[in-house]
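These notes concern the structure reproduced below.
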Amino acid sequence: SMLREVLASNPFYRRKLAGVAFDPQRDPLERLVLTTRSEIQQDQLDHPPYGTNLTYPRDRYVRLHQTSGTSATAPLRWLDTPESWGWFKDCWKVVYRAAGVSGGDRLLYPFSFGPFIGFWGAFEAAAELGCFVLPAGGMTSVARLRYLLDNEVSVVCCTPTYALHLAEVAEREKIDLARSLVRALIVAGEPGGSISATGQRIEAAWAAKVFDHCGMTEMGAYAFECQDAPGGMHVIETEFIPEVIEPDSGAILPDGQAGELVLTNLGRWGSPLIRYRTGDQVRLIRRRCACGRWFAWLEGGILGRIDDMLVIRGNNVSPSSIEGIVRSFEGVAEFRLVVERGPSMDELVIEIEPASGSGGESLPAQIAETIQHRLHWRPRTVLVSPGSLPRFEMKAKRVLRRDG
């Protein structure tokens, strides 16, 4: 149904799939070519400002969002019709139901509410479910914490990094988050929600359950963590078709083998994506979950970004694997990865900021030793002064590259 609608009037996919013989009832999906971000990016540069991946006339569209611009390339702009935006919100309702959110909950959204899609869909979906929704843009972290307590918030939607930062601010301000009414945090935007050490630190600080979620501005909210199987996420297969490919060849990989996630969304007909390379590394497993669902499961959630992989002294290093180790040390308040470019090989320096009052003099050596034991190479680790590393409200940028 989607292909019939899209191929009738969408210039981008009419060009891209011209001459491709494909029967949706019979042919395997890999008969269709992959779509990449760079293609969409170039199309928007060639046909500003929104490109040609638009199935309907411009006056049918009512929403504009754009990517956060955390990559080296310019942000993508994305338009939605009322129908496509309604579908986007319906995907978020699946995320909420899996986390046990109901009409009696009071949800806080501490993000900027700018053009980045962030939690816009989450905010509006929760309102449609009958929840009490509290926008918290344009506020300091202290003000947000007071706002949270005054309004008896039960669920917080934010990034894992910001959840930890709010806990840090609460400790400094003598606010006992564990005594708040918050029972759940739904996190997104970074791999941290599925990193055991990061999730455990958030849950301990808040005395609340963490639920991971994954979505993309251009794709939609496509995965969620259920209550019965922490440490991974289900793909909403009623609304998305997931595949896993070998990044270099594009070949389909068998279930259980790590590779790049490719998604096709089925309800965003106004600006669809067919076999879209997400750039996310995953390990997809198909089995019945303890929660009773048969949706494909991403073991460990998003394992990392294919293009974020660091090569340090000949070793492939995932930033999320480093985070899992660093966050396991309670005395760490924040950290940063500094890649120093050398003439032949790159070196990694991990800057460790200790929690206030924790001392932390032994942390660098302990972390370096643990990384050597688990990942079989040893980075340089240095202690920096408390409060010296940046804090992030949205996606954290913890990898810094500089000439050695």
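Throughout, numbering of the chain's residues begins at 1 and tracks the sequence. As a basis for the values below, the full set of heavy atoms in this structure was taken, side chains included, without hydrogen atoms, waters or symmetry mates. Nothing here was measured: the structure is a model prediction, and the numbers come from that model.
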S271 side chain to W78 side chain, donor-acceptor N/O pair below 3.5 angstrom: yes
Lys NZ or Arg CZ of R58 over Y50 ring: under 6.0 Å, within 45°: no
Within 6.0 Å of CZ in R287, more than 12 heavy atoms from elsewhere: yes
W92-F88 aromatic ring centre distance below 6.0 Å: no
Polar contact flag, side-chain donor to acceptor under 3.5 angstrom, Y222-E237: no
Steps toward side-chain hydrogen bond (donor to acceptor under 3.5 Å, both in side chains) verdict (Q200, S196): CA-CA 6 Å; Q200 288 172 9; S196 178; 2.9 Å; yes
Residues I352, V382; criterion side-chain contact (heavy atoms from CB on, under 4.5 Å); working and verdict: CA-CA 6 Å; I352 307 295; V382 297; over 6 Å; no
Candidates R77, R15, K16, R37 - the one meeting salt bridge (charged side-chain N to carboxylate O under 4.0 Å, His left out) with D43: R15
Heavy-atom side-chain contact between T81 and V62 under 4.5 Å: no
Short side-chain donor-acceptor distance under 3.5 Å, S38 and Q42: no
Stepwise side-chain hydrogen bond (donor to acceptor under 3.5 Å, both in side chains) check, Y56 with E5: CA-CA 10 Å; Y56 308 111; E5 184 89 356; 2.9 Å; yes
A365 versus T381, closest heavy-atom pair with distance: N-OG1, 4.1 Å
Distance under 6.0 Å and angle within 45° of ring axis: R286 vs W297: no
CD (E330) with more than 12 external heavy atoms under 6.0 Å: no
Side chain proximity check, V399 to V339, heavy atoms < 4.5 angstrom: yes
Ring-face cation contact, W87 with R268, 6.0 Å cut, 45° max: no
For the student: nearest non-hydrogen atoms of A127 and V133, plus distance: N-CG1, 3.8 Å
E171 atom CD: more than 12 heavy-atom contacts under 6.0 Å: no
From CG (L375) to CD1 (I322), nearest 0.5 Å: 5.5 Å
Which atom of C157 lies closest to which atom of Y96, heavy atoms considered: SG-OH, 4.1 Å
Stepwise salt bridge (Lys or Arg N to Asp or Glu O under 4.0 Å) check, R391 with E353: CA-CA 12 Å; R391 302 305 197 264; E353 180 186 321; 2.7 Å; yes
N265 vs I241 side-chain heavy atoms within contact, under 4.5 Å: no
CZ on R293 to SG on C226, rounded to 0.5 Å: 6.0 Å
Residue pair S328 / A197: nearest heavy atoms and the distance that separates them: N-CB, 3.7 Å
Any side-chain heavy-atom pair of V182 and S154 under 4.5 Å: no
Worked verdict on L263 versus L273 for side-chain contact (heavy atoms from CB on, under 4.5 Å): CA-CA 8 Å; L263 289 171; L273 283 172; over 6 Å; no
Greater than 12 external heavy atoms within 6.0 Å of E369's CD: no
H213/F224 aromatic ring centres below 6.0 Å: no
Modelled atom types, side-chain donor and acceptor of S249 and E246, under 3.5 Å: yes
R63 NZ/CZ over W120 ring centroid, <6.0 Å and within 45° of normal: yes
P242 to A296 - nearest heavy-atom pair and separation: CG-CB, 4.4 Å
Derivation and outcome, side-chain contact (heavy atoms from CB on, under 4.5 Å), residues E83 and W269: CA-CA 8 Å; E83 296 80 10; W269 292 9; over 6 Å; no
Derivation and outcome, salt bridge (Lys or Arg N to Asp or Glu O under 4.0 Å), residues R380 and E347: CA-CA 8 Å; R380 281 200 292 136; E347 296 285 341; 5.6 Å; no
Sub-6.0 Å ring centroid separation between W85 and H65: yes
Side chain proximity check, P390 to E334, heavy atoms < 4.5 angstrom: no
Y109-R144 side chain donor-acceptor pair, cut-off 3.5 Å: no
CA sep, side-chain torsions, deciding dist, call: D105, R183, salt bridge (Lys or Arg N to Asp or Glu O under 4.0 Å): CA-CA 10 Å; D105 278 305; R183 62 170 181 79; 2.7 Å; yes
Flag for N10-N53: side-chain donor and acceptor within less than 3.5 Å: yes
L389 side chain reached by E351 side chain, heavy atoms, under 4.5 Å: yes
Student check: side-chain heavy atoms of V282 and V244 closer than 4.5 Å: yes
CA sep, side-chain torsions, deciding dist, call: D150, R146, salt bridge (Lys or Arg N to Asp or Glu O under 4.0 Å): CA-CA 6 Å; D150 291 346; R146 300 294 181 192; over 6 Å; no
Full working for ring pair (Phe, Tyr, Trp, His ring centres under 6.0 Å) between F113 and F119: CA-CA 8 Å; F113 282 89; F119 288 101; 8.9 Å; no
Distance-only polar pair, side chains of Y13 and T35, donor-acceptor under 3.5 Å: yes
Distance under 6.0 Å and angle within 45° of ring axis: R106 vs F132: yes
Residue pair Y147 / L108, side-chain heavy-atom distance below 4.5 Å: yes
E323 and T198 side chains, donor-acceptor separation under 3.5 Å: yes
Residue pair T161 / R398, side-chain donor-acceptor N/O under 3.5 Å: yes
Where L185 and A163 come nearest, the two heavy atoms and their spacing: CD2-CB, 4.0 Å
